[in-house]
Protein chains: 2
Amino acid sequence: MIELIDRLRQREWRLTAQRRVVAQVLTGEHVHLTAEAVHGRARVLLPEISLATVYNTLNELVAMGEVREVQAGDGPRRYDPNVTSPHQHLQCVRCGTLWDVEPAGADDLALPVDQQRGFRLLDVDIVFRGMCPACDRQARQPATNPA
Amino acid sequence: MIELIDRLRQREWRLTAQRRVVAQVLTGEHVHLTAEAVHGRARVLLPEISLATVYNTLNELVAMGEVREVQAGDGPRRYDPNVTSPHQHLQCVRCGTLWDVEPAGADDLALPVDQQRGFRLLDVDIVFRGMCPACDRQARQPATNPA
DNA sequence: GTATATGCAAAGCATTTGCATTAAA
DNA sequence: TTTAATGCAAATGCTTTGCATATAC
């Protein structure tokens with residue numbers, strides 16, 4: 001599989017230091033990050049990068065189809081560099097962490113024509129929702145230390 | 001099936017004119033409305049109802065488990081009074097309209113244990129995404145009249 | 001050299017909240 | 001009468017935008 005950064009070069013995308021760093025941050029990760037998290041990690045590599053640029057860059061990547069925007073539950077959007085394999089997710093309802101999964105039986109899922117209401121179908125999103133181990137533990141002990 | 005309004009009465013929920021109207025608006029609808037849409041329709045019945053109250057009321061209904069909050073794609077949250085039957089949806093990617101559906105094969109969907117990452121699973125959301133007939137038509141004729 | 005991306009700070013939406021007023025029980 | 005809900009307007013959090021400056025090509 002061709003790396004994200006190379007695909008971007010192929011697209012004749014103007015390769016700035018900021019964009020390079022955002023691509024790098026996304027590529028290295030398997031958890032799906034919020035814009036703020038991307039900014040935090042990008043800053044380690046390029047301290048002067050602004051949050052606005054991170055947002056702009058992520059939106060462009062989404063528009064190009066190189067990154068998928070995921071909005072499940074409340075909280076900020078998350079970004080998923082995996083657009084090739086089926087995009088099904090496992091999300092923590094508490095902290096929002098998002099993982100890619102490949103559930104069994106997804107291919108057999110179908111919407112009967114009489115329920116399609118004339119829609120032109122594009123896509124199916126499947127999100128398994130649950131509590132991740134860390135949050136589950138914290139949810140049981142109400143607070144670290146309520147003074 | 002007991003009506004929403006009656007279930008609320010059973011819960012000893014303080015029944016104000018505003019809450020009654022919100023419940024009424026939700027019950028009558030099969031499309032899932034945004035808070036603003038609920039406000040618009042509620043105002044027809046009770047002009048002085050405020051948007052803040054609509055939000056507060058919707059949140060309480062969600063906390064009670066009488067209404068489901070749906071966030072798919074961008075755009076504002078939508079509210080779904082159908083909590084009994086499986087909550088799978090068909091959504092227009094352009095206008096956000098949301099319908100309940102019951103896809104085939106949903107019961108066979110499963111996440112293998114080796115992909116659960118220790119999560120305590122609670123729920124699965126399935127959203128079919130596509131273009132509704134009205135939006136599809138409009139998307140083909142770029143704009144009504146780009147002067 | 002020229003077009004385009006950046007950073008900043010201000011604006012924009014959807015949603016929540018504080019507080020005085022009003023109404024349900 | 002008491003307790004809780006309402007409406008308003010201000011605050012919040014995430015995201016977008018306008019504009020002058022900097023940078024890739």
Side-chain angles (χ1 to χ4, degrees), chain A residues 5-6 8-25 32-40 42-43 45-64 66-80 94-96 98, chain B residues 5 8-25 32-43 45-64 66-80 95-98:
Chain A
I5 190 78
D6 294 314
L8 297 176
R9 203 169 281 126
Q10 281 173 20
R11 283 176 184 273
E12 309 197 333
W13 203 39
R14 193 177 271 209
L15 240 299
T16 65
Q18 290 83 341
R19 288 175 171 183
R20 207 185 307 269
V21 161
V22 169
Q24 194 176 337
V25 165
H32 306 316
L33 303 170
T34 61
E36 191 141 6
V38 170
H39 185 221
R43 253 218 265 244
L45 303 167
L46 186 73
E48 70 268 32
I49 189 171
S50 77
L51 182 55
T53 294
V54 170
Y55 271 109
N56 289 337
T57 304
L58 288 171
N59 285 340
E60 280 155 28
L61 289 168
V62 170
M64 278 180 204
E66 292 289 356
V67 161
R68 183 175 298 271
E69 201 175 44
V70 186
Q71 173 77 275
D74 294 12
R77 298 174 197 158
R78 284 163 187 273
Y79 296 88
D80 177 355
R94 192 160 176 275
C95 68
L98 203 63
Chain B
I5 190 78
L8 297 176
R9 201 169 284 126
Q10 280 172 19
R11 284 176 183 273
E12 309 196 335
W13 203 40
R14 194 177 273 211
L15 234 337
T16 65
Q18 291 82 341
R19 288 175 169 184
R20 207 185 306 271
V21 162
V22 168
Q24 194 175 337
V25 165
H32 306 316
L33 303 171
T34 61
E36 190 141 8
V38 171
H39 185 220
R41 292 173 195 221
R43 252 217 265 245
L45 304 166
L46 185 72
E48 70 269 31
I49 190 171
S50 77
L51 182 55
T53 295
V54 170
Y55 272 110
N56 289 337
T57 305
L58 288 171
N59 285 340
E60 280 155 29
L61 289 168
V62 169
M64 279 180 205
E66 292 289 355
V67 161
R68 184 176 297 272
E69 202 175 43
V70 186
Q71 173 77 276
D74 293 13
R77 299 174 196 158
R78 284 162 186 274
Y79 295 87
D80 177 354
C95 68
T97 301
L98 203 63

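Chain A is the first sequence line, chain B the second, and so forth, proteins listed ahead of strands; every chain is numbered from 1. None of the values given here were measured: they were computed from a predicted structure.
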Not counting sequence neighbours, list each pair that qualifies as a salt bridge (Lys or Arg N to Asp or Glu O under 4.0 Å) and has a residue in residues 45-57 of chain A. none
Please examine the side chains of R20(B) and L46(B), heavy atoms only from C-beta on, and report whether any two atoms are closer than 4.5 Å. no
For nucleotides 17-25 of chain C, print each protein N/O atom paired with a nucleotide N/O atom at under 3.5 Å, atom names and distance only.
residue : atom : partner : partner atom : Å
dA25(C) : OP1  : L15(B)  : N            : 3.2

H39(A) side chain reached by V25(A) side chain, heavy atoms, under 4.5 Å: no
Can you name the side chain to side chain contact (heavy atoms under 4.5 Å, CB included) partners of T16(A), sequence neighbours left out? Q18(A), R19(A)
Could you tell me whether the side chain of V38(B) reaches within less than 4.5 Å of the side chain of T57(B), counting heavy atoms only? no
R19(A) vs dA5(C): side-chain N/O to OP1/OP2 distance below 4.0 Å: yes
The side chain to side chain contact (heavy atoms under 4.5 Å, CB included) partners of R78(B) (sequence neighbours excluded) come to H32(B), T34(B), Q91(B), L98(B)
From CD of E12(B) across to C1' of dA5(D) the rounded distance in Å is 17 Å
Closest contact, heavy atoms only, V54(B) versus A35(B): CG1-O, 3.6 Å
Salt bridge (charged side-chain N to carboxylate O under 4.0 Å, His left out) against R9(B), all qualifying residues, sequence neighbours excluded: D6(B)
Using OP1 and OP2 only, check whether a side-chain N or O of S50(A) sits under 4.0 Å from dC8(C). no
As a check of understanding: the bend across the helix from dG1(C)-dC25(D) to dA25(C)-dT1(D), end axes from five pairs, rounded to 10 degrees, works out to 40°
Could you state the atom-to-atom distance from CG of L51(A) to C1' of dT15(D) in whole Å? 9 Å
Considering just the side-chain nitrogens and oxygens of N59(B), establish if one lies under 4.0 Å of OP1 or OP2 belonging to dT15(C). no
What is the separation between atom CG on L58(A) and atom P on dC14(D), rounded to the nearest whole Å? 15 Å
